[in-house]
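Quantities reported herein were computed from a predicted structural model and do not represent experimental measurements. Throughout, protein chains are lettered first and strands after them, A, B, ... in sequence-line order, and every chain is numbered starting at 1.
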2 protein chains.
Amino acid sequence: MRRPTLEEVAAAAGVSKMTASRALRGAADVSKETITRVTQAAERVGYVGNRLALSLSSRRTNLIGVVVPSMSNIVFPEVLAGISEALEGTGMQAVFGLTDYDPGKEREVIRNMLSWRPAAMIVTGLDQPEETVKLLKQADIPVIQIMDIDGTPIDYCVGLSHTAAGEEMGRALLAEGRRKFGYVGSRLDRDQRASRRKAGFERALAEAGLRFSLEKVGDQVSSAVLGKRLTMALLAERGDLDCIYYSNDDMAAGGLFACIEHGISVPGTILLAGFNGLELTDALPAAIATSYSPRREIGRTAASLALRALSDAGENQERMVVLSPRLSLGR
Amino acid sequence: MRRPTLEEVAAAAGVSKMTASRALRGAADVSKETITRVTQAAERVGYVGNRLALSLSSRRTNLIGVVVPSMSNIVFPEVLAGISEALEGTGMQAVFGLTDYDPGKEREVIRNMLSWRPAAMIVTGLDQPEETVKLLKQADIPVIQIMDIDGTPIDYCVGLSHTAAGEEMGRALLAEGRRKFGYVGSRLDRDQRASRRKAGFERALAEAGLRFSLEKVGDQVSSAVLGKRLTMALLAERGDLDCIYYSNDDMAAGGLFACIEHGISVPGTILLAGFNGLELTDALPAAIATSYSPRREIGRTAASLALRALSDAGENQERMVVLSPRLSLGR
DNA sequence: ATGAAAGCGCTAACAG
DNA sequence: CTGTTAGCGCTTTCAT
């Protein structure tokens with residue numbers, strides 16, 4: 001049996017389709033009694049509205065498309081949670097898509113989402129290829145780019161400067177007296193933000209006339225396991241390092257585990273620095289440095305930007321929300 | 001300017017709407033030349049199909065609704081990644097919703113999703129309230145319940161028995177000679193699977209005439225930080241434990257960090273056991289026991305079950321896919 | 001406060 | 001191989 005339509009609810013309540021529609025949406029100008037009758041009829045027949053029809057007819061959806069590169073560490077899930085949180089109670093609904101850091105996949109995911117006529121799009125990063133940007137611009141809806149601000153946003157963006165974050169960390173570690181630096185990362189060709197942090201860090205080193213003594217870059221997804229393995233390789237080649245910069249905290253945690261197994265004092269002998277400020281870093285048995293990136297807040301802000309852009313207040317709002325990572329050298 | 005419709009593409013290509021529709025969908029029975037003309041016209045005007053209209057008209061969507069409780073540890077993101085992966089290239093698209101372990105929110109999220117007329121639903125757990133089950137049944141689409149198999153599925157389910165996993169771990173630890181057990185968990189009222197693991201573990205203990213000497217259960221979201229704090233509290237009260245069972249690996253990792261800071265040998269003095277088999281456990285500086293739960297595979301299998309249920313092959317397929325957690329006592 | 005008509009943009013079904 | 005007609009289930013707009 002087909003799902004009941006508004007028409008059937010209306011018939012059951014003895015009113016017209018239009019009245020039933022208004023009653024269910026809680027419109028003004030419907031008598032209290034009618035509302036009750038229609039609501040009960042809907043309940044009775046198990047009516048669930050059809051948003052396809054609603055959206056096609058009204059030419060607007062309650063969808064916000066969200067495109068992120070990966071789910072393999074906790075960062076993007078937290079962004080998504082922030083978006084969900086900010087959307088709660090607004091009637092808007094997030095729809096997620098994954099790109100695996102693949103620009104081609106990203107374009108297809110975005111194209112697919114646009115075919116649902118979302119009210120706004122939230123996409124990761126500022127470095128979409130021209131073709132993808134064109135797609136987004138043609139959609140003529142608010143586009144929020146998240147995580148990064150190093151570049152020119154299509155409409156709005158919220159995030160932090162990864163170049164600056166890397167540079168700041170480099171300066172701080174130099175100020176701590178560190179002089180022999182190693183680098184551990186992974187898939188820098190795909191993760192542009194990680195490589196910008198590295199570039200910023202290198203700029204700070206260069207100002208002090210220094211550079212990384214040795215770099216180990218893997219080509220798997222970043223993880224504690226990979227960070228541990230690369231750190232072991234790094235330590236085997238260079239025993240004289242006093243600081244290692246990692247592409248992120250997962251990798252740095254792995255580095256710490258390597259040091260613990262080697263009996264190397266952290267941060268005494270070697271200082272380890274990551275990025276993200278994962279909650280995990282607060283639990284680790286030794287202090288590691290990190291830049292806290294406000295992931296949940298980025299998600300919340302992105303959703304708010306989208307909501308405001310959709311309301312009339314959209315015109316006079318900031319196009320770029322710059323959040324600063326909170327740098328910590330460890331407890 | 002409004003987004004171009006199929007009609008405009010058809011006009012630009014000098015054919016009818018229907019021919020344009022068929023050409024764009026790559027239907028058989030369209031001349032090669034027409035296909036080229038229509039495709040080029042579509043490209044030229046920047047046509048992006050409208051799925052609202054497509055789905056309303058054809059009475060089917062390419063949507064698979066996915067409802068999970070949380071994004072605050074890596075488990076569900078990995079399930080989602082598995083679903084995305086299995087759906088790739090099938091034309092189907094996952095739509096995610098979050099419940100925060102709140103049955104009321106779950107019902108609303110599901111109701112909202114159903115209004116988009118998804119082709120199938122994937123929901124977490126087997127313990128939805130009756131009202132929610134009714135909603136799902138009325139939708140008359142395949143429903144896949146994931147993570148758990150302790151219960152009766154609506155249509156299909158894929159997961160593992162958490163009771164059995166807990167019991168198996170309990171037996172294994174007893175076989176290792178452990179006798180003084182502590183338990184550390186959080187929010188057991190909300191996370192039914194964690195509490196089933198605990199119950200299974202307790203059953204194994206009971207068979208040996210034992211029980212937990214002390215339990216510490218927090219009411220925050222599980223995390224390494226919480227696991228560490230509760231472990232410290234546990235150790236402060238009971239110095240004689242030789243084994244601690246945790247609600248999951250995040251908590252157990254925190255427990256390990258507490259032990260490292262206390263200079264307690266793991267697993268020599270105390271054996272720590274978690275659940276999930278997170279990749280992190282392979283990197284930790286000491287071995288902890290865990291049951292590997294095939295999260296990505298659960299996601300992939302759930303998506304496959306949905307796809308097969310939607311095809312004609314749906315009839316004669318297993319309704320229940322039981323995966324066994326691989327138990328590991330550590331490296 | 002309620003209803004009737006028209007149409008959102010597309011596809012199914014049938015014709016040719 | 002291509003076109004025509006009739007909706008999909010709802011809202012918008014205009015009447016009453």
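- In this structure, A53(B) and R25(A) both approach DNA chain D, and ranking their closest nucleotides by distance from the 5' end singles out A53(B).
- At a threshold of 4.0 angstrom between heavy atoms, the contacts of L56(A) include nucleobase atoms, whether or not backbone atoms are also involved.
- When distances are taken from the side chain of R22(B) to each of dT11(D), dT2(D), dG9(C), the shortest belongs to dT2(D).
- Atom CG in L98(B) sits 9.0 Å away from atom CD in E88(A) (nearest 0.5 Å).
- In this view, R37(A) and E33(A) satisfy the side chain to side chain donor-acceptor pair (under 3.5 Å) rule, not counting sequence neighbours.
- R3(A) contributes no side-chain N or O that forms a donor-acceptor pair with the base of dG9(D) under 3.5 Å.
- Checking dT4(D), dG9(D), dC10(C) against every side-chain atom of T5(A), the shortest atom distance belongs to dG9(D).
- Taking CG of L52(A) as the start and CZ of R60(B) as the end, the distance is 12.0 Å to the nearest 0.5 Å.
- Closest contact between the side chain of S31(A) and the listed nucleotides dA1(C), dC10(C), dG3(C) involves dA1(C).
- Nucleic acid contact class of R60(A) (heavy atoms, under 4.0 Å, all strands): sugar-phosphate only.
- Each of K32(B) and K17(A) lies near DNA chain D, and the nucleotide nearest K32(B) is the one positioned closer to the 5' end.
- Contacts of T34(A) with the nucleic acid, taken as non-hydrogen atoms under 4.0 Å apart, involve only primed sugar atoms and P, OP1 or OP2.
- Between its two ends, the helix from dA1(C)-dT16(D) to dG16(C)-dC1(D) turns its axis by 30°, counting five pairs per end and rounding to 10 degrees.
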